[in-house]
Amino acid sequence: MPSLLYFIVEQRKQPDLRGLPTAVVQYNAWKGGALIAVSYEARKYGVKRSMRGAESKQVCPQIQLVQVPVARGKADLSTYRNAGSEVVSILSRKGRCERASIDEVYLDLTDAAETMLAEAPPEILEVIDEEALKSHVLGLNSEDGSDAKESVRKWLCRNDADRRDKLLACGAFIVAELRLQVLKETEFTCSAGIAHNKILAKLASGMNKPAQQTVVPFSSVKVLLDSLPIKKMKQLGGKLGDSLQSDLGVNTVGDLLQFSEEKLQERYGINTGTWLWNIARGISGDEVEGRLLPKSHGSGKTFPGPQALKTIASVQHWLHELCEELSERLQLDLDQNKRIAHTLVLHATAYKVSDSDSHKKFPSKSCPLRYGTAKIQEDALSLFQAALREYLGSYTAKMQGSQNNHWGITSLSVSASKIVPIPSGTASITKYFHGHPSCSSTKQSQNNLIEEATPVPPSGNESYSEVNVTKPQIEFPGEETMIKYAETSSDQLEDKIDLLNDQNPCCSSTNQACDEFTQETVLVSTSGNEHCSGMNQSQPMKNYSGEESCVTLSMPSFNRQEQKRKAVKDKRTCSILRFFKNQDPSCAPQKLEHVENTEDVKAPPLSPGIQSRSNNCLDQNRSELPKERPPEDAGDSNVCGSFQIEHRRGGAWSYNIDEIDPSVIDELPPEIQQEVRAWIRPHKRHNTVKRGSSIAHYFLPTKNT
DNA sequence: CATCGGCACACT
DNA sequence: GAGTGTGCC
């Protein structure tokens, strides 16, 4: 956990730590605990994460070690989570915001940048924000002798710049302001990257730390990537990056350019291959998701070495602690965000003393999640026992309770996933999630039903004997929810939207008493053609005047057939359409029948790469609705022609997706936004390349050249 | 044994 | 859809 956030949070608690070499450590007992965050001052002394506390004292005797809070015998990260939420609530003011991790956020500032460019472009500003002037602009030849700030100012305010760079400049101003805002309101500092897509923004954000921002002009992308070590790219820091280096001899991102998309797909599968081909060119269609809340909650702990758990009783004890924390967080999520988790998952790792198949993994198990701490504890234990039996296989060590010589548990974790917003009119429903005893009074007759739906009622047959009262309410989250929305009065609807505009509902009730100082990462992508950081800048963007359809720059637009193709899919769509219908009569579908034509949609005769690139580039043409893929962009002209992806349509899809005003989408509750965007975006393709059962296969040498 | 605990996502 | 594995912070 390299997160500096942890450090800053602690610094905020103890201001006198500022300027001192400091590290955050958890569990002081064994060798001084593990370092999980190290201040820059401490780094100068050679202190690294991966060191133990005692070790760090050796290289830096004066280091200040601060401990992670402990609750229920385990690390409690809630203060850090809350700190992240504080920042998110500020950053989400200016655009779509994705909370990528506890200390990382992506923003889509396209709209804000467009607006600024139209209404108050940098060139007319009289006073230039000092913070913006401190930006690092990649590729800006700071001609010796000239002041860095002055050249940044010139770049930011250049009148004759490419429009894409103008948007980035606006983004730089907006980000500078946001960072100041964060500092003012939370005392945390943050770094940021400003670029045309997420992966480049992410890359840039790490280039000048701490507390600085870096811009990647469109024209600098190629130079930047050419010599960039491959493993610096997000997602390539692990085995995939290793494989690129050792198997393909790719050491820099630029080295990737020599491989055809097909070649990369051959080796790494369709999706990864295409993804690699694209990022080599600075292209990424990865969208900023508009999600301020986590998709799952988990609580876990490791029991290394001699601490391994060897009795059911000890496992039960720790599961109780973990489940208690999880339950508490679920309850908070429910109260604050009106969301319900549907699935409980148990993970563990174990060792088994040498026996035949002794390095089998301890299996994960899941079951429907029932609210209430006691129920969660009970279910988690049942899951554990089921997994343990499977793990131990044939020989069932009967010895429970007392020491056993056969196995030991070295880690335990419980998590809750499939979290969806509560349908609506929550008041009467939510009480059932507060662990009310009333839950248990349900009919036996339904037990079978539940048990059937629940694959793992391990030992205790009573584990699942209680019917989950909430079930009927949440069984069809997608459809039900949408319908509820559709039926909601406009008042309630506004509530939903308020929730969204409220910035961060999840921290509304949390601390604003802030006094300190922090470091966090802000990643920003902006610009209309955000996905298109292709190398080929020779082609100026076409112009357009958006009237044609209700396309806004905040969303990629595709041609109509394309949209139709993507829109099909699940029945959930149907309910969403209803939502739209009620929302905006002007876009109302005439009929809601939808067609099951997704299956016959044999992939059109073009590669996914082409598909992706096309999509990316359409952005440039926005309202033009090109009939064919524009030749510009990615240099590789062999990809053109393919745009009729869609001619596969055929079906009787009766809803004109084009008629949905995309700007409306931004105003929907986040979960709906997500779903709606999902249709409009290209979907991942199934990997048709058969290669064996594991993805590790991709990393193995292949016969075909 | 001992980089912890935690997320997200791809793949089968 | 459940379970595994990877990768990041």
Side-chain angles (χ1 to χ4, degrees), chain A residues 1-6 24-27 29-38 48-53 55 68 70 74-78 80-81 84 98-105 202 206 231 233-243 268-272 275 286 289 291 293-308 322 325-326 329 342-343 345-347 349-351 360-368 383 387 390 408-418 453-456 520-521 684-687 689-699:
Chain A
M1 252 179 315
S3 176
L4 260 198
L5 175 68
Y6 294 20
V24 179
V25 75
Q26 70 185 1
Y27 305 136
W30 193 67
K31 296 189 179 178
L35 270 54
I36 61 172
V38 179
K48 301 187 163 140
R49 329 191 276 290
S50 87
M51 283 181 171
R52 312 292 307 189
E55 218 175 326
V68 171
V70 170
K74 66 176 291 295
D76 177 10
L77 305 187
S78 56
Y80 309 125
R81 273 189 210 99
E98 175 180 338
R99 187 175 187 173
S101 77
I102 199 167
D103 68 341
E104 265 194 340
V105 168
K202 159 72 179 163
K231 303 200 68 171
M233 290 297 280
K234 185 175 164 91
Q235 297 296 323
L236 298 183
K239 296 186 179 185
L240 181 53
D242 287 340
S243 167
Y268 298 109
I270 293 212
N271 293 320
T272 303
W275 181 82
D286 192 14
E289 285 297 330
R291 180 176 48 77
L293 302 173
K295 292 180 160 179
S296 66
H297 299 290
S299 175
K301 178 169 172 57
T302 56
F303 308 94
Q307 304 186 59
L322 298 176
E325 182 193 327
L326 180 61
R329 286 164 59 193
H342 283 182
T343 305
V345 187
L346 178 127
H347 294 275
T349 59
Y351 68 81
K360 213 169 37 168
K361 299 255 173 211
F362 198 90
S364 303
K365 292 292 162 195
S366 63
C367 70
L383 291 175
E390 186 175 320
I409 299 297
T410 53
S411 87
L412 275 179
S413 90
V414 290
S415 56
S417 55
K418 292 181 186 156
T454 307
V456 215
E520 153 145 357
T521 308
K684 297 272 175 173
R685 301 179 100 213
H686 282 307
N687 202 345
V689 187
K690 306 267 198 287
R691 288 187 141 255
S693 52
S694 149
I695 61 180
H697 241 89
Y698 291 129
F699 301 119

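Residue numbering restarts at 1 for every chain, and letters A, B, ... go by the order of the sequence lines.
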When rounded to whole Å, the OH to P distance for the pair A:Tyr351 and B:dA2 reads 11 Å
Ranking C:dA2, B:dG5, B:dC9 by distance to the side chain of A:Lys295, first place goes to B:dC9
ask   = When we call it a touch if two heavy atoms are under 4.0 Å apart, what does A:Tyr27 touch: a base, just sugar-phosphate, or nothing?
value = sugar-phosphate
d(A:Leu383 CG, A:Ser366 OG) to nearest 0.5 Å is 7.0 Å
From the candidates C:dG3, B:dG5, C:dG7, the one with an atom nearest any side-chain atom of A:Leu240 is C:dG7
From NE2 of A:His347 across to C1' of C:dA2 the rounded distance in Å is 11 Å
Picking from C:dG5, B:dG6, B:dC11, the nucleotide nearest the side-chain atoms of A:Asn271 would be B:dC11
A:Gln235 meets the side chain to side chain contact (heavy atoms under 4.5 Å, CB included) criterion, sequence neighbours left out, with A:Trp275
Sequence neighbours excluded, the answer for ring-ring contact (aromatic ring centres under 6.0 Å, His included) partners of A:Tyr27 is none
Residue pair A:Ser50/A:Glu98 against DNA chain B: nearer the 5' end by closest nucleotide is A:Ser50
Between OH of A:Tyr268 and C1' of B:dC11 the distance, given in whole Å, is 17 Å
With sugar-phosphate meaning primed atoms plus P, OP1 and OP2, does A:Pro294 contact a base, only sugar-phosphate, or nothing at under 4.0 Å between heavy atoms? sugar-phosphate
Requested in this report: Please state whether the phosphate of C:dT4, meaning OP1 or OP2, lies under 4.0 angstrom from any side-chain nitrogen or oxygen of A:Lys361.
Outcome: no
With a cut-off of less than 4.0 Å, is there a side-chain N or O of A:Ser366 near OP1 or OP2 of C:dG3? yes
The nucleotide from B:dG6, C:dG5, C:dC8 with an atom nearest the side chain of A:Lys234 is C:dC8
Checklist line | Sugar-phosphate only, base, or nothing, as touched by A:Lys48 at under 4.0 Å among non-hydrogen atoms | finding: nothing
Side-chain atoms of A:Arg329 come closest, of B:dA8, B:dG6, B:dC4, to B:dG6
Are the charged groups of A:Lys365 and A:Glu390 less than 4.0 angstrom apart, N to O?
yes
From CZ of A:Arg99 across to P of B:dG6 the rounded distance in Å is 14 Å
Rounding to the closest angstrom, what is the interatomic distance between C:dC9 and B:dA2 at atom P?
23 Å
To the nearest angstrom, the CD-C1' distance between A:Glu104 and B:dG6 comes to 13 Å
Between A:Gly237 and A:Pro363, the residue closer to the 5' end of DNA chain C by nearest nucleotide is A:Pro363
| message | Is the phosphate of B:dG6 approached by A:Lys74 (side-chain N or O, under 4.0 Å from OP1 or OP2)? | response | yes
- [ ] Report the C-alpha separation of A:Ser411 and A:Lys301 in whole Å, then their side-chain angles, then the decisive distance to 0.1 Å, and conclude whether the side-chain contact (heavy atoms from CB on, under 4.5 Å) test is met.
- [x] CA-CA 6 Å; A:Ser411 87; A:Lys301 178 169 172 57; over 6 Å; no
Original post:
Between A:Ser296 and B:dC7, does any side-chain N or O lie under 4.0 Å from OP1 or OP2?
Top reply: no
Just to be sure I understand the rule, does A:Ser413 reach a base, reach only the sugar-phosphate, or reach nothing, if contact means heavy atoms closer than 4.0 Å? nothing
Atom CH2 of A:Trp30 and atom P of B:dC4 are separated, to the nearest Å, by 9 Å
Of the listed B:dG6, C:dA2, C:dG7, the closest approach to the A:Arg81 side chain comes from B:dG6
Between A:Ile409 and A:Ala350, the two heavy atoms sitting closest are CD1-CB, 3.7 Å
A:Thr302 has its side chain closest, among C:dT4, B:dG6, B:dG5, to B:dG5
* To do: Look at A:Arg49 and C:dC9 and indicate whether a side-chain polar atom (N or O) is within less than 4.0 Å of OP1 or OP2.
  => no
Regarding the side chain of A:Lys418, the nearest nucleotide among C:dA2, B:dC4, C:dC9 is C:dA2
Problem - Sub-4.5 Å side-chain heavy-atom contact between A:Val345 and A:Val414 - result: no
Per nearest nucleotide of DNA chain B, the residue lying toward the 5' end, A:Ala34 or A:His297, is A:Ala34
- Message: Need one value for A:Lys301: base, sugar-phosphate or nothing, where a base atom within 4.0 Å counts as base even if backbone is also close, heavy atoms only.
- Response: sugar-phosphate
Atom OH of A:Tyr80 and atom C1' of B:dC7 are separated, to the nearest Å, by 17 Å
When rounded to whole Å, the NZ to C1' distance for the pair A:Lys365 and C:dG1 reads 13 Å
(message) So A:Thr343, base contact, sugar-phosphate only, or nothing? Heavy-atom distance under 4.0 Å.
(response) nothing
Closest of C:dC9, B:dG5, B:dA2 to the A:Ala75 side chain is B:dG5
